[in-house]
Amino acid sequence: AAIDRLATRRAIPEGTALVLGREDGCLSSFQRAKQVGARTVYDLPTAHHTTVRRILEREEALFPNICTLPGTRSVFTPRRTQRKRQELSAADLIVVGSAFVRRSLVEEGYAAERIVVLPSGCDDSWAGPRGSGAERRRSPVVLHVAHLGVRKGTHRLLRVWRRLKAYRHFRLRLVGDMCLSRRFLADYRGCYEHAGRLDRSALAAEYRAACLFVLPAAAEGCAAVILEALSCGVPIVVSRNSGAEGFIEPGREGLLHDFGDDDELAARLDWVLSHPLERVEMGRAARRKAEAWTWREYRARFLAELDEFTARQRAAA
C-alpha cells in the first residue's frame, strides 16, 4: 500500500498512457490513472476472492481444525475484499494465469472481453542436462511441493495415497512448510516423507529425481510449482483449480482432476503410477511444453496483447 501511494504521487504524471498493477497493491495508482486518462491493466494472480472463499469455506467445514494457517474469516476481511473489488472495477484489462481464474471472474459478472489468459513462463534454468535414458532412471518418488495445507490439497492427497496403498511401491515426498495439524497427520504416519522447505538447487534436484508431480490444489492462478515440474521433465497430476487447465493437454503432459473429487484423483494417480512407459513419455512431453513456453514467449505474447488492447481502445475512442 505504501508503494502504491508513492507511485501515485511520483510515477503517474499527466500524459501517462498505461498503468499496470497487481492485486492488492494498485488501487491508489489506478484511481490516479483514471484522473490523467490512462488505461489500466490488472495482474490477478489467483481466482476471484468470492470463488476462493467459497471453496475454502467448504473445505474448512469438511475438515475442521486440521490446518494451522489462518482461516478464511481472518484472510477475507471486509476491508480487504472491498479493496479487491475496487481494483477490479478500476481495471480496463485483466490479465490472469489460467482458464480457472477467467471462469471465476465471468461467474462474478466481469465481461469476458476484458480478460486475457496468459500463463506464467517456464524457466529453463530448472531443467537439468539431457542424458540418454535419464527419464528412465528416475526414482519411485511422487513429489508434492507447496505450503502443505488445505489450500494446496495436501490433506486430500494423503487420504487418497493411503487409500491406494501406493506407499508400498512409491514414496510420497512432501516439500515445504507443514501446515497440517499433528493430530491429522498422525493417521498417515509411515505413508509419506516430509523434507521441509528447500533452497532452489536442492528443490531442482528433487524435481529431477521424481517420477511424478502432484498438486490437488483448491484454488491457484497458475501454480509456479507446476511450471517448475514441467521444466524438469516431470509429468503432473493436478487439479483443474491449479491453473494447468487450458495450458497442458490432458493425457500428454499429465492428467487433471476436479478438486474435491477424491475418486477421480485416485483414478488419475493409479493410472499414471501403473503405466511406467506412458509416464516416461509424459515427462518428455512436459519438458517440450516448458521449452516451448518460456518467459521469452510470455513477454512477446504480453506485448502483443497490450498492442491489441491499445488498438481496441483507440478504435472505441
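Just so it is clear, the values below take in all heavy atoms, side chains as well, and ignore hydrogens, waters and symmetry mates.
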Using a distance-only test with no angle check, is there a side-chain donor-acceptor pair under 3.5 angstrom linking [X] and [Y]?
{"X": "E60", "Y": "T72", "result": "yes"}
{"X": "N241", "Y": "S239", "result": "no"}
{"X": "T50", "Y": "R85", "result": "no"}
{"X": "T294", "Y": "D124", "result": "no"}
{"X": "S125", "Y": "R200", "result": "yes"}
{"X": "E87", "Y": "Y42", "result": "yes"}
{"X": "D4", "Y": "S29", "result": "yes"}

Ring-plane angle category for [X] and [Y], please: parallel below 30°, perpendicular beyond 60°, tilted otherwise.
{"X": "Y207", "Y": "F213", "result": "tilted"}
{"X": "F170", "Y": "W161", "result": "perpendicular"}
{"X": "Y298", "Y": "W295", "result": "perpendicular"}

Using a strict threshold of under 4.0 Å (side-chain N to carboxylate O), is an ion pair present between [Y] and [X]?
{"X": "D263", "Y": "R268", "value": "no"}
{"X": "E264", "Y": "R240", "value": "yes"}
{"X": "K84", "Y": "D24", "value": "yes"}
{"X": "E297", "Y": "R301", "value": "no"}
{"X": "R288", "Y": "E281", "value": "yes"}
{"X": "D92", "Y": "R114", "value": "no"}

| query | Does the pair V225 and L215 meet the rule for a side-chain contact (heavy atoms from CB on, under 4.5 Å), with working shown? | reply | CA-CA 9 Å; V225 289; L215 183 71; 3.9 Å; yes
| said: Show, in sequence, the C-alpha distance, side-chain angles and deciding distance for L227 and C222, and conclude whether the side-chain contact (heavy atoms from CB on, under 4.5 Å) test is met. | reply: CA-CA 8 Å; L227 304 175; C222 181; 4.2 Å; yes
| message | As a quick check of understanding, evaluate salt bridge (Lys or Arg N to Asp or Glu O under 4.0 Å) for E253 and R284, giving each step before the final call. | response | CA-CA 8 Å; E253 299 92 5; R284 292 172 178 151; over 6 Å; no
| said: Less than 6.0 angstrom from the centroid, inside 45 degrees of the normal: does R171 satisfy that with respect to the ring of Y192? | reply: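 Judged by the rule (NZ or CZ under 6.0 Å from the ring centre, within 45° of its axis), R171 is not positioned above Y192.
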| query | Which heavy atom of H144 sits nearest a heavy atom of L148, and at what distance? | reply | CD2-CD2, 3.5 Å
| task | Spell out, as yes or no, whether a donor-acceptor pair under 3.5 Å connects the side chain of W271 to the backbone of L255. | result |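 Not confirmed, W271 side chain does not pair with L255 backbone.
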| Around atom CZ of R53, are there more than 12 heavy atoms of other residues, nucleotides or ligands at under 6.0 Å? | yes
